[in-house]
Q: 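Here it is: the structure, laid out below.
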Amino acid sequence: MSTLRFNALKETLNRQPIEVNEPKRRSEIFGKNVFNKHAMRQHLTKQAYKSVIDAMENGTKISREVADHISTGMKEWSIQNGATHYTHWFQPLTGGTAEKHDAFFELEMDGEVIEKFGGGQLVQQEPDASSFPNGGIRNTFEARGYTAWDPTSPAFIMGTTLCIPTVFIAYTGEALDNKTPLLRSLQVVDQAATDVCKYFDKNVSKVIATLGWEQEYFLIDAALADSRPDLQLAGRTLLGHSSAKGQQLDDHYFGSIPSRVLNYMRDMETECMLLGIPVKTRHNEVAPNQFELAPIFEEANLAVDHNSLLMDVMRKVASRHNFKVLFHEKPFAGVNGSGKHNNWSLATNTGVNLLSPGSTPMKNLQFLTFFVNTIKAVHDNEELIRATIASASNDHRLGANEAPPAIISVFIGSQLTKVLDELEKVTDGKLSPEEKTDLKLNVVGKIPEVILDNTDRNRTSPFAFTGNKFELRAVGSTANCANPMTVLNAIVAQQLIEFKSEVDALIKDKKLKKDEAIFNVLREYIKQSKKIRFEGDGYGEAWEKEAKKRGLSNNKTTPTALKAKVSKKTIKLFEDLNIMSKIETESRYEIEVEEYAMRIQIEGRILGDIARNHVIPTAVKYQNRLIENVVGLKEIYGKEFKKVAKEQMILIEEISEHIEKINKGITEMTEARKKANNAKSAEDTAAQYCDKVKPYFDVIRYSCDKLELLVDNELWPLTKYRELLFTR
C-alpha cells in the first residue's frame with residue numbers, strides 16, 4: 001500500500017499543465033450549446049417561438065401541436081451542433097442529476113432509417129422511478145415515474161446529447177425531485193411580492209426571485225485521491241494527522257493560482273460559457289488546494305439548474321486535467337471546509353431590485369417593506385431554515401472556525417440597525433406631520449447613504465444582508481440549491497401575504513393612509529423579529545448562551561434539525577401555498593433521515609476497513625522492526641540493553657496501546673451500528689447513528705493519527721495531509 005502512495009506522489013510530481021484552447025472573447029461562445037432565444041428564433045416558427053416565450057414568462061401551457069413544431073426545430077438545431085441522442089435531464093432526491101439517453105435514430109416499418117424526435121418525446125417521458133428515493137410515496141408495483149419538460153430552463157447540448165431540463169413526478173402525481181417544489185415556490189413568491197409591489201408601482205406585473213451562488217471546492221490530484229479509500233468512497237478523509245503547515249499563514253487565500261489549476265479553471269469556464277453558465281469570478285480560497293467560483297446572478301430556477309450542471313461539468317473537466325474535485329463540506333480536518341453561499345433577492349419586471357434602496361423616500365419605503373418582511377420570515381421560520389441546510393456532511397462544517405454556526409441569525413450591519421431602531425419608535429396609528437417629515441427626510445430618505453457604508457464585516461452570520469441581497473451562507477457545498485431556495489421563497493411569500501392583509505385592514509378599518517399603515521405594520525414586525533438580529537461574533541459559548549436567552553434554536557445535528565421539516569407548522573405552510581402536500585413533505589423527511597444514517601454507516605465501514613486492514617498491519621510491521629532492533633541491542637549490550645533501547649521499547653508499548661484502542665473502538669462501533677440498524681424507524685436509526693455510532697469515529701481516528709506520527713514514513717500506506725494539500 002505504501003508503494004501505491006509513493007507511486008501516486010511520483011505521478012503527481014511529474015504532471016504538466018494540460019494545454020487549453022480558450023476563446024479570445026467569451027461573448028462569442030456564450031450559450032452556443034444552448035437552445036436559447038437566439039437559437040429558437042432561427043429554428044422555430046413565429047407561433048412556436050411565441051408559445052415558448054409565453055410559457056417562460058407567463059407560465060402558459062404549450063399545446064401538443066405546437067410542441068411538435070418545437071421538437072422539430074430543437075432536433076435540427078441539436079443535430080447541427082453534433083448531438084446524436086436526447087435525454088430528459090432531471091434532479092431526483094439523490095442531490096445529483098439523472099439522465100437516460102435515447103438516440104434520435106429510428107427504424108421505420110419499411111426498413112427506412114430516420115432521425116426522429118416528436119412533441120410527445122419532448123414534453124414527457126416515463127423513466128423507471130423504482131430505484132430513486134421516494135420516501136414511501138409509491139408502491140413497488142408502481143415503478144413508473146414521469147419527466148415533464150420545463151420550458152423555463154432552456155435545453156442544452158452536453159457532449160453529443162441534447163439535455164432537456166424536466167420535472168420528475170411519481171406515477172401517483174407527487175413530486176420526486178427538487179425542481180417541482182422550487183417552481184411552485186417561485187410562482188407563489190411572484191404573486192405575493194407583485195401584490196405588495198402595487199402599493200408602490202402599479203406597473204409591476206411580475207416579480208422573480210434571483211440567485212447568485214458561490215461554489216467552493218477542493219482540487220486534489222487524481223492519483224493522490226485514488227490512493228485514499230476514504231476519499232474514493234466517502235469524499236472526505238476519515239483519518240489523517242494535520243500537516244505542520246496548514247492555513248495558518250493565510251498565504252493561499254487570493255494568492256497566485258497554481259498553473260495546473262488555472263488551466264483547469266480556464267477549460268472548465270470555457271465549457272460553462274458554451275452551456276450559458278455565466279461564471280465570472282475565480283480565486284484561491286483559505287485552505288490549501290481550495291478554490292471558489294461564482295457566476296452573475298440569474299433567475300432562481302435557471303441558477304439552480306446551472307449549479308447542478310456546473311458540478312457535473314467540473315467533475316468531467318477535472319478528469320481531463322488529472323484532478324479530482326472534492327465538493328464535501330469538510331474533506332480535511334483542521335482546515336476550512338466548503339460552502340455554497342446562496343445570494344437571494346427579488347426583482348420586478350420593471351427592472352427594480354426590491355432589496356436595493358432607491359433615490360426617493362417612496363422607493364426606500366418599498367425597500368424597507370421587503371427588507372423587514374424577509375427578516376420577519378426568517379425569524380418566524382429559523383428552525384426550518386436550519387433544516388434546509390442540514391446534512392451529514394454539512395454537520396462537520398457548521399460551527400467550525402470558518403463557517404456559520406447552527407444557530408440561525410440575521411446580520412444587517414450597525415447602520416441599518418439604527419434605521420430599524422428609529423422605525424421602531426413610530427407612533428401607533430396616524431402619524432403627525434412632523435413625524436412624517438422626519439421619517440422621510442432623516443430616516444427613510446438617508447438609506448442609500450447608509451447602504452454605501454454598510455459593508456459586510458461579519459463572516460459568521462448564517463443569513464446576512466450584503467447591500468442589495470440576502471446571503472444564506474450556511475448552505476453546504478454539496479447541496480442542491482433548490483431546497484433552501486424553495487423554503488426561502490415560501491416563507492417570504494407567506495410573510496408578504498400576511499403583511500398585505502394587515503396593511504389592507506389598517507387602511508380599511510382604521511382609515512389610515514397607505515404609508516401610515518405600512519409604517520405601523522413594519523414597526524410591529526421590527527419589534528417581533530428583533531431577537532433574530534445579531535451583529536456580534538457567531539462562535540463560542542457566549543453566543544450560544546445569548547441565543548438560548550433569546551429563544552433561538554440550536555439544532556447542532558442533522559437528525560435533530562430535520563424534525564422541523566415535518567412540524568405541523570411546516571406542513572401547513574407548504575399545503576397552504578400549494579408547494580408540497582403533506583405526503584410530499586413527509587417523504588422528503590424520510591429520505592433525508594435515511595440518507596443521513598446510510599452515509600454514517602458507509603463512513604463507519606470505511607473507517608473500520610482502513611484502520612484494521614491498512615493502519616494496524618502497518619503499525620505491527622513497524623513494531624516488529626523495533627522489536628528486532630531491541631533484540632539486536634540485547635545481544636550486543638546484554639543486561640544493559642534497556643538503557644540504549646529505552647525509546648524503542650516506549651514506542652513498542654505506545655503502538656500496542658493505540659492498536660488496542662483502535663480494535664476496541666471498531667468492535668464497539670460495529671455493535672452500535674447493529675443496534676442502530678434494528679431501530680424501529682428511520683428517524684430512530686438516524687438518531688442512533690448520530691449519537692451512538694458517530695462518536696467512535698473520533699476515538700478510532702485519534703489513535704490512527706497518533707500512529708501516523710509514530711510509524712516510519714516509508715511504511716505508512718495512506719497519502720498524508722501535507723501531500724494531499726501541498727503537492728501541486
Side-chain angles (χ1 to χ4, degrees), residues 18-23 26 28-36 38-40 42-43 70-92 94-106 113-118 121-122 125 127-128 132 147 149-151 153-166 168 177 179 215 217 219 222 263-279 293 295 298 302-325 327 480:
I18 304 294
E19 288 300 316
V20 176
N21 293 319
E22 194 174 21
R26 292 188 165 189
E28 294 174 356
I29 65 165
F30 184 75
K32 184 181 177 182
N33 290 346
V34 181
F35 196 60
N36 50 26
H38 175 72
M40 285 192 282
Q42 292 181 315
H43 291 84
I70 297 169
S71 64
T72 299
M74 194 183 287
K75 178 194 68 177
E76 291 306 315
W77 168 80
S78 58
I79 290 174
Q80 285 176 20
N81 286 277
T84 59
H85 289 68
Y86 65 91
T87 182
H88 274 201
W89 183 80
F90 58 102
Q91 300 169 43
T94 57
T97 61
E99 52 199 66
K100 180 190 73 169
H101 298 194
D102 286 302
F104 290 122
F105 173 88
E106 290 283 352
V113 176
I114 62 169
E115 266 81 26
K116 187 177 180 182
F117 180 60
Q121 293 161 308
L122 167 64
Q125 285 193 312
D128 186 349
F132 289 111
T147 50
W149 176 34
D150 171 20
S153 184
F156 56 90
I157 295 172
M158 187 80 158
T160 59
T161 304
L162 170 67
C163 300
I164 303 156
T166 59
F168 181 43
D177 66 345
K179 181 186 274 280
Q215 182 69 60
Y217 62 99
L219 267 185
N263 278 19
Y264 160 76
M265 289 177 169
R266 290 169 56 210
D267 196 3
M268 180 261 294
E269 288 169 7
T270 298
E271 293 283 349
C272 287
M273 288 296 110
L274 291 168
L275 292 165
I277 306 172
V279 292
L293 66 86
E298 297 180 284
L302 183 58
V304 169
D305 279 1
H306 277 166
N307 183 251
S308 295
L309 178 57
L310 169 95
M311 294 170 79
D312 290 340
V313 170
M314 288 177 71
R315 293 186 185 100
K316 289 175 182 176
V317 176
S319 181
R320 288 206 294 260
H321 290 257
N322 300 303
F323 280 123
K324 183 177 178 65
V325 182
F327 289 117
N480 185 308

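The first residue of the sequence shown is numbered 1, and numbering continues consecutively from there.
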Q: I18 versus R320: any side-chain heavy-atom pair under 4.5 Å?
A: no

Q: Can you see which heavy atom on K32 is nearest to which on W77, and at what distance?
A: O-CZ2, 3.8 Å

Q: For the residue pair A155 and M74, what are the closest heavy atoms and their distance?
A: CB-SD, 4.1 Å

Q: Please report the closest heavy-atom contact between A303 and E298, naming both atoms and the distance.
A: CA-OE1, 3.9 Å

Q: Show your working on side-chain contact (heavy atoms from CB on, under 4.5 Å) between M311 and Y217 and close with a plain yes or no.
A: CA-CA 10 Å; M311 294 170 79; Y217 62 99; over 6 Å; no

Q: For residues F168 and D177, report the shortest heavy-atom separation together with the two atoms involved.
A: N-OD2, 2.9 Å

Q: With respect to C163, which candidate in T87, I157, L275, N33 satisfies the side-chain contact (heavy atoms from CB on, under 4.5 Å) definition?
A: T87

Q: Might you point out which heavy atoms bring K179 and S153 nearest each other, and give the distance in Å?
A: NZ-CB, 4.0 Å

Q: Give the ring-plane orientation class for W89 versus F156, where under 30° counts as parallel, over 60° as perpendicular and anything between as tilted.
A: perpendicular

Q: Applying the side-chain contact (heavy atoms from CB on, under 4.5 Å) criterion to R315, which one of D312, V313, V317 satisfies it?
A: D312

Q: Quick check: closest heavy atoms across P165 and D305, and the distance to 0.1 Å?
A: CB-OD2, 3.8 Å

Q: side-chain contact (heavy atoms from CB on, under 4.5 Å) between Q125 and I164: does it pass, once the steps are laid out?
A: CA-CA 11 Å; Q125 285 193 312; I164 303 156; over 6 Å; no

Q: Measuring from M158:CE to H101:NE2, what's the distance to the nearest 0.5 Å?
A: 9.5 Å

Q: Please step through side-chain contact (heavy atoms from CB on, under 4.5 Å) for the pair Q215 and N307, ending with a clear verdict.
A: CA-CA 8 Å; Q215 182 69 60; N307 183 251; 3.2 Å; yes

Q: Would you give the length of the straight line joining atom CZ of F117 to atom OG of S78, rounded to the nearest 0.5 angstrom?
A: 7.5 Å

Q: May I ask you to test the H306-P278 pair for a side-chain heavy-atom distance under 4.5 Å?
A: yes

Q: To the closest 0.5 Å, what do you measure between CD1 (I70) and CG (L122)?
A: 6.5 Å

Q: Could you please spell out the steps behind the side-chain contact (heavy atoms from CB on, under 4.5 Å) verdict for T97 and L309?
A: CA-CA 8 Å; T97 61; L309 178 57; over 6 Å; no

Q: Classify the ring geometry of Y264 against F323: parallel below 30°, tilted from 30° to 60°, perpendicular beyond 60°.
A: perpendicular

Q: When you compare the side chain of H321 with that of N263, does any pair of heavy atoms fall below 4.5 Å?
A: yes

Q: When rounded to the nearest 0.5 angstrom, what is the spacing between CD in Q42 and CD in Q80?
A: 8.5 Å

Q: Contact between M273 and P23 at the side-chain level, heavy atoms closer than 4.5 Å - yes or no?
A: no

Q: Hey, what do you get for NZ (K75) to NZ (K116), rounding to the nearest 0.5 Å?
A: 10.0 Å

Q: Nearest 0.5 Å please: distance from the CG atom of L302 over to the CD1 atom of I277.
A: 9.0 Å

Q: Spell out, as yes or no, whether a donor-acceptor pair under 3.5 Å connects the side chain of H88 to the backbone of Q121.
A: yes

